[in-house]
Protein chains: 2
Amino acid sequence: MISKKTATIRDVAHKAGVSPGTVSRAINKSPLVSEETRRRIMDVVRELDYVPNIAARRLSTGKALAVVVIVPFFTRPSVSERLNGALSLLSQTQYDLIIHNIESPEQRAICFDTIPRRDQADGVLIISISPTDDEVPKLAQAEVPIVLIDTSQPELTMFPRVTVDDVAGGRMATEYLIQLGHTRIGFIGDVMENPFNFRASRDRYTGYLEALGQAGIAARQEYHGEGEHDRCEARRLAREMLARPERPTAVFASSDTQAVGVLEAAREMGLCVPEDLSVIGYDDIEVADILGVTTVRQLLFASGQRGVELLLEALENPEFEPVHEVLPTELVVRGTTGPALGI
Amino acid sequence: MISKKTATIRDVAHKAGVSPGTVSRAINKSPLVSEETRRRIMDVVRELDYVPNIAARRLSTGKALAVVVIVPFFTRPSVSERLNGALSLLSQTQYDLIIHNIESPEQRAICFDTIPRRDQADGVLIISISPTDDEVPKLAQAEVPIVLIDTSQPELTMFPRVTVDDVAGGRMATEYLIQLGHTRIGFIGDVMENPFNFRASRDRYTGYLEALGQAGIAARQEYHGEGEHDRCEARRLAREMLARPERPTAVFASSDTQAVGVLEAAREMGLCVPEDLSVIGYDDIEVADILGVTTVRQLLFASGQRGVELLLEALENPEFEPVHEVLPTELVVRGTTGPALGI
DNA sequence: CGTTTTAATGCAACCGATTTAATTCCCAAT
DNA sequence: ATTGGGAATTAAATCGGTTGCATTAAAACG
């Protein structure tokens with residue numbers, strides 16, 4: 001490989017008979033360069049196939065020209081869809097997108113410690129991870145803007161955020177089941193006390209409790225299942241719940257993934273859906289459409305896009321006031337829910 | 001915000017009473033620092049909460065400390081799973097992962113032009129995109145190692161790669177159907193002439209033809225469907241194919257996503273699976289398990305991991321000989337295939 | 001005890017851009 | 001003719017690390 005060294009700005013300057021400073025200005029469209037020299041310089045740039053060294057530019061401007069996205073378990077369809085929304089906008093800008101995937105509490109700590117510095121990224125997008133009380137002040141002191149997507153704590157007013165009202169969503173799902181005549185309604189969701197401080201499932205559960213309360217239905221411990229955000233785990237929980245003497249006639253799963261687990265359990269136990277059991281999920285990911293699962297739709301792709309928009313605004317305008325945007329949810333009725341039959 | 005400026009290596013040096021060079025060496029675990037000074041320095045580092053400026057480090061070492069991954073449509077489960085494998089390994093290194101998602105031929109051209117420079121990335125991972133004949137020489141001249149994952153051209157011997165024998169996979173799927181007694185076997189896959197130069201579907205089709213040929217079965221034009229890699233498109237194609245007078249009794253879809261489309265078409269048309277129609281997919285993504293789709297499993301996550309391993313090797317050892325690794329495929333029999341009944 | 005090694009540290013150049021302050025040049029105004 | 005002003009450009013400092021070379025201090029050796 002005869003790899004002729006990459007051209008530097010000095011090479012260009014020399015060949016064009018100007019100083020490096022002028023080349024820099026020409027490239028960055030400064031008005032302080034005469035039209036004539038600019039043309040000459042750009043010719044040389046093309047000739048030498050010159051591209052500015054990003055590392056040098058970053059160092060001298062003090063901008064990272066990159067955005068870091070911190071996500072947990074990014075293969076989860078809901079996360080990946082959000083990420084995709086973010087990417088779709090970022091790719092139109094000059095910012096690079098650096099991904100940090102968090103799968104353990106240690107990774108999370110490192111990330112939160114080291115990332116929000118100016119040299120690493122100009123901005124940070126945190127998806128589906130709620131900072132804990134200890135972490136909030138740290139993040140608040142960050143040198144770069146931080147935008148949160150899908151984190152529910154109402155007290156996080158210092159950050160721009162894009163969220164969904166998961167309490168309302170959980171209520172919506174449960175109310176629909178109640179409206180169908182169900183009174184024995186189970187809930188299957190994530191572990192509420194988890195090292196990642198995921199709160200979506202907890203919020204949806206709160207909504208579930210609210211709806212039950214409003215309808216005068218007592219929540220029953222044996223209708224409550226908590227486990228990993230995972231199809232198989234949900235199936236296990238559902239099997240257990242459905243094997244009880246007075247089994248629920250409907251189940252609200254706090255994600256579509258878990259709803260699928262419930263459906264699998266029902267099938268294994270010979271229960272017909274929706275005749276014997278109604279199932280409703282949350283998210284409206286593709287598999288819900290494929291299987292015809294009734295669910296609460298939230299705007300995943302849009303949340304990523306909107307998050308980036310907020311971040312870009314904050315980057316341009318440092319005095320940008322933190323906004324809190326709540327994206328709508330929508331009930332999508334499909335085939336896994338039906339009226340309660342008999343008692 | 002009283003943002004006290006971030007500490008630099010000189011601040012640490014001054015406070016610890018040593019020179020910046022020594023601090024640098026201490027941080028980088030050079031053996032040229034006495035245990036005692038190192039301790040003292042590290043104390044100051046903690047005290048000042050010092051983190052080296054990455055941009056500066058990149059510039060002075062000439063290493064980008066980052067790996068760029070170029071992927072098409074990264075929400076596709078198969079792509080996302082590969083990416084996850086790559087991330088899982090990279091997160092244990094000091095390399096950042098920069099994603100470039102390609103959704104149009106223009107983006108692709110820009111990426112291939114600008115990325116493979118030393119200042120942008122130390123290495124590049126290209127997933128599921130086969131370079132065209134014009135692009136190969138460009139990439140071959142790149143200043144950094146490039147590893148290809150899931151690109152089938154046999155002539156790409158200058159790059160390390162991780163692939164799957166899609167021809168064999170297609171043959172395996174088709175042979176299984178033949179073995180079950182099917183002779184009217186349809187194929188539904190991606191558009192073969194596409195701007196992204198995706199070849200997986202084409203290769204699987206080749207395997208399909210080989211299997212038919214070997215069994216003495218003539219390929220029939222009306223059993224061939226090509227369309228976007230998309231469930232709905234596959235459903236449309238399948239509906240068309242299954243509506244013909246002498247409809248196929250089995251369909252090989254070149255991905256699980258498309259197999260799901262075929263299943264939906266069958267359901268709409270009142271065909272029972274597998275009694276009236278056998279369906280086999282490819283990839284073994286989660287939805288195949290959920291729906292019990294017979295499929296050809298390939299090691300998606302592992303391919304990403306292995307790709308990174310090869311890249312890291314190439315980074316450490318510049319004289320690294322390009323390896324070509326072929327990951328195994330495996331037939332996973334589930335419920336959507338069965339013996340051909342009658343004629 | 002003087003000399004040679006060796007270990008530890010300091011000094012200064014460098015990476016490749018940006019940017020401020022200084023300089024040159026040209027023209028208009030006095 | 002002199003000077004003031006503005007535009008275009010250059011020179012040099014800077015960003016914050018790394019690293020080869022010089023230097024010093026301490027240990028080992030004869």
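Keep in mind that what you see is a predicted model, and the values were worked out from it rather than measured. The analysis underlying the following values was restricted to heavy atoms, covering all of them including side chains, and did not include hydrogens, waters or symmetry mates. Letters go in sequence order (proteins before strands), and every chain restarts at 1.
- Between A/N53 and C/dC15, a side-chain N or O to OP1/OP2 separation shorter than 4.0 Å is absent.
- Note on the helix from C/dC1-D/dG30 to C/dT30-D/dA1: terminal axis deviation equals 60°, with five pairs used at each end and the result rounded to 10°.
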Show me the protein contacts with nucleotides 9-12 of chain D, counting only N or O atoms at under 3.5 Å.
from   : atom 1 : to    : atom 2 : distance (Å)
D/dT9  : OP1    : A/S34 : OG     : 3.4
D/dT9  : OP1    : A/T37 : OG1    : 3.0
D/dT9  : OP2    : A/S34 : N      : 3.0
D/dT9  : OP2    : A/T37 : OG1    : 3.0
D/dT10 : OP2    : A/S19 : N      : 2.9
D/dT10 : OP2    : A/S19 : OG     : 3.2
D/dT10 : OP2    : A/T22 : OG1    : 2.7
D/dT10 : O4     : A/R25 : NH2    : 2.7

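- For A/K63 and D/dC15, the NZ to P distance is 18 Å, given to the nearest whole Å.
- Following rounding to the nearest Å, B/I9 (CD1) and D/dG17 (C1') show an atom-to-atom distance of 6 Å.
- A donor-acceptor contact under 3.5 Å links the side chain of B/R10 to the base of D/dG16.
- Remark: A/D133 CG is loosely packed, at most 12 non-hydrogen atoms of other residues, nucleotides or ligands lying under 6.0 Å away.
- Rounded to a whole Å, the CG atom of B/L65 is 12 Å from the C1' atom of D/dG17.
- Taking atom OH of A/Y50 as the reference point, atom P of C/dT18 lies 6 Å away to the nearest angstrom.
- Not counting sequence neighbours, the partners of A/K15 by the side chain to side chain donor-acceptor pair (under 3.5 Å) test are A/E47.
- A donor and an acceptor atom, one from each side chain of B/T157 and B/H324, are nowhere located under 3.5 Å apart.
- Here the side chains of A/T8 and A/N53 are not in contact, with every heavy-atom distance at 4.5 Å or above.
- Going from atom CG of B/N28 over to atom P of D/dG16 covers 17 Å, rounded to whole Å.
- Atom CD of B/Q120 is separated from atom P of C/dA17 by 12 Å (rounded to the nearest Å).
- Residue contacts shown for B/S24 include a base, since a base heavy atom lies under 4.0 Å away.
- One interatomic measurement links the two molecules: CG of A/L59 to C1' of D/dT18, which rounds to 12 Å at whole-angstrom precision.
- Contacts of B/E313 classified as side chain to side chain donor-acceptor pair (under 3.5 Å), with partners at least two apart in sequence or in another chain: none.
- Heavy-atom minimum distance, A/A16 versus A/I41: CB-CG1, 4.2 Å.
- Taking the side chain to side chain donor-acceptor pair (under 3.5 Å) definition, one finds that A/S19 meets it with A/T22, sequence neighbours left out.
- For residues 90-101 of chain A, the side-chain hydrogen bond (donor to acceptor under 3.5 Å, both in side chains) pairs, not counting sequence neighbours, are A/N101-A/E103.
- When rounded to the nearest whole Å, the span between CD of B/E35 and C1' of C/dA7 equals 14 Å.
- Side-chain atoms of B/R108 come within 3.5 Å of backbone atoms of B/F196 as a donor-acceptor pair (strictly under, hydrogens ignored).
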